[in-house]
Amino acid sequence: MLGDDLTEYESKIYTVLVMLQVGSARDIHELTGIPRGRVYEIISDLTKKGYIGVINGSPTRYHALNNARTFERIKKNTLQSIEEVVQMLEEIEKKARPAKVPGYTVQSESAIENQINYILRRAKDSVLIICSDPVFFKKYINEIKCSNKKLNLHIVVNNPSEYPYRGLNIYESDELIKSSLMDEKMYSDHSARLVFAIFADFREDILVIRRGSSLEGIFSSEFPVAEYIQRSITERICKA
């Protein structure tokens with residue numbers, strides 16, 4: 001279907017006329033399979049909408065009008081429809097009650113990105129970010145800066161000089177935080193390292209872990225340990 005402005009039958013007839021350049025009702029009927037009586041009704045509708053023109057004669061023939069302009073019109077209508085759907089979904093998300101999902105794992109980069117942005121948007125009071133990878137951090141700098149304007153935000157990193165962002169509360173990790181949370185760990189069959197973590201409002205978190213060459217996001221909600229980690233690390237860095 002060519003956008004929401006055209007029905008399925010209208011789209012078929014318009015497409016056939018673009019292909020034929022000029023065609024009769026019989027040509028359109030034979031190529032689309034649309035009943036001939038319906039062809040005339042639809043042609044009349046398309047003419048009123050400004051998509052096709054009429055060439056009088058015997059038989060009467062039809063042609064698609066200004067293809068480039070029509071394509072732009074369809075594109076504009078389609079983008080507008082997409083924007084309206086996005087706005088509707090955003091409103092639904094704002095009003096929806098949070099699902100009681102205690103935890104889950106995501107393994108695609110796009111899913112991890114969506115979850116990080118989701119937590120930052122939902123946070124209302126306090127956020128703690130732990131990061132051992134400045135390149136990964138940079139991907140979310142715009143969202144982090146937006147969060148910094150409305151939240152009590154603390155960021156813990158290995159080397160603050162690698163994070164040259166003004167206006168952010170960036171703290172250097174102490175040896176305990178670094179060795180227990182940020183250093184690479186070796187296991188029997190793989191290595192693992194915490195790349196990025198968000199603890200939000202003492203109630204939900206996401207940990208992004210690199211296992212070998214792949215990333216894994218682990219999300220949990222309303223897990224008591226998350227509150228303890230966020231409070232204890234925030235107090236620890238603020239007292240240092």
Side-chain angles (χ1 to χ4, degrees), residues 1-99 101 104-122 135-136 138-147 149-150 206 208 213-215 217 219:
M1 187 177 292
L2 298 175
D4 293 337
D5 195 37
L6 298 181
T7 66
E8 182 180 356
Y9 276 2
E10 287 173 341
S11 297
K12 285 183 177 180
I13 289 177
Y14 181 79
T15 302
V16 164
L17 286 176
V18 171
M19 179 181 67
L20 293 176
Q21 300 295 310
V22 175
S24 65
R26 179 177 178 178
D27 296 329
I28 294 169
H29 160 67
E30 291 178 350
L31 287 170
T32 64
I34 298 172
R36 196 158 179 177
R38 290 283 289 131
V39 167
Y40 288 108
E41 294 176 18
I42 297 164
I43 285 174
S44 176
D45 292 338
L46 286 171
T47 302
K48 292 175 183 177
K49 290 181 178 181
Y51 283 105
I52 66 173
V54 180
I55 303 173
N56 293 316
S58 182
T60 302
R61 295 186 298 166
Y62 310 92
H63 67 101
L65 291 175
N66 197 338
N67 294 344
R69 182 178 178 183
T70 299
F71 296 156
E72 189 61 33
R73 177 179 172 184
I74 292 170
K75 176 182 174 183
K76 181 179 178 181
N77 290 340
T78 301
L79 290 175
Q80 183 177 349
S81 298
I82 292 172
E83 289 176 359
E84 289 173 356
V85 170
V86 169
Q87 290 175 2
M88 179 187 70
L89 291 175
E90 288 177 345
E91 287 301 317
I92 291 172
E93 182 185 41
K94 289 177 183 177
K95 296 176 182 178
R97 297 178 63 183
V101 180
Y104 51 84
T105 300
V106 293
Q107 295 183 325
S108 73
E109 290 193 22
S110 61
I112 291 171
E113 180 178 347
N114 289 339
Q115 193 62 51
I116 289 173
N117 291 333
Y118 173 74
I119 289 181
L120 289 174
R121 285 198 309 268
R122 272 171 50 86
V135 175
F136 191 91
K138 187 176 181 180
K139 290 173 57 178
Y140 300 95
I141 187 59
N142 291 331
E143 290 81 3
I144 291 170
K145 285 183 175 180
C146 287
S147 298
K149 295 177 181 178
K150 62 174 183 175
I206 182 169
V208 181
S213 60
S214 61
L215 285 178
F219 170 81

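Hydrogens, waters and symmetry mates play no part in the numbers below; they use all other heavy atoms, side chains included.
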**Prompt:** Ile34 and Ile28: side-chain contact (heavy atoms from CB on, under 4.5 Å), yes or no, with the steps?
**Reply:** CA-CA 8 Å; Ile34 298 172; Ile28 294 169; 5.6 Å; no

**Request:** Could you pull out all residues at least two apart from Thr105 that satisfy side chain to side chain contact (heavy atoms under 4.5 Å, CB included)?
**Result:** Gln107, Glu216, Ile218

**Request:** Could you grab the distance from atom NE2 of His29 to atom CD1 of Ile13, nearest 0.5 Å is fine?
**Result:** 11.5 Å

**Message:** Among residues at least two apart in sequence or on other chains, which ones pass side chain to side chain contact (heavy atoms under 4.5 Å, CB included) with Leu20?
**Reply:** Val16, Asp27, Leu31

**Fill in**
Between Gly23 and Leu17 the two heavy atoms that sit nearest each other are N-CD2, 3.9 Å

**Message:** Restricting to non-hydrogen atoms, name the atom on Lys150 and the atom on Leu120 that form the minimum distance, rounded to 0.1 Å.
**Reply:** NZ-O, 3.8 Å

**Request:** Could you list all the salt bridge (charged side-chain N to carboxylate O under 4.0 Å, His left out) pairs where at least one residue sits in residues 56-65, not counting sequence neighbours?
**Result:** none

**Message:** I want to check something: taking the side chain as every heavy atom from C-beta on, are Glu109 and Glu113 in contact at a cut-off of under 4.5 Å?
**Reply:** no

**Request:** I would like to know whether Leu215 and Phe136 meet side-chain contact (heavy atoms from CB on, under 4.5 Å); could you show each step before the answer?
**Result:** CA-CA 11 Å; Leu215 285 178; Phe136 191 91; 4.1 Å; yes

**Message:** Any salt bridge linking Lys49 with Glu10? Criterion: basic side-chain nitrogen under 4.0 Å from a carboxylate oxygen.
**Reply:** yes

Got a list of side-chain donor-acceptor pairs under 3.5 Å for residues 38-48, not counting sequence neighbours?
{"unit_1": "Arg38", "atom_1": "NH1", "unit_2": "Glu41", "atom_2": "OE1", "d": "2.8"}
{"unit_1": "Thr47", "atom_1": "OG1", "unit_2": "Ile43", "atom_2": "O", "d": "2.7"}

**Asked** Residues two or more places apart in sequence or in another chain: which of them pass side-chain hydrogen bond (donor to acceptor under 3.5 Å, both in side chains) with Glu30?
**Response** Arg26

**Distance-only polar pair, side chains of Tyr104 and Gln115, donor-acceptor under 3.5 Å** = yes

**Request:** Measure across Tyr62 and Ala25 and return the closest heavy-atom pair with its distance rounded to 0.1 Å.
**Result:** CE1-N, 4.0 Å

**Ser58: side-chain hydrogen bond (donor to acceptor under 3.5 Å, both in side chains) partners, not counting sequence neighbours** = none

**Request:** Over all heavy atoms of both residues, which pair between Ala64 and Val18 is shortest? Give the atoms and the distance, please.
**Result:** CB-CG2, 3.9 Å

**Request:** Determine whether Val106 and Phe219 make a side-chain contact, defined as any pair of heavy atoms from C-beta on separated by less than 4.5 Å.
**Result:** no

**Any side-chain heavy-atom pair of Thr60 and Ile55 under 4.5 Å** = no

**Prompt:** If you measure from OG on Ser147 to CZ on Arg121, what distance do you get to the nearest 0.5 Å?
**Reply:** 10.0 Å

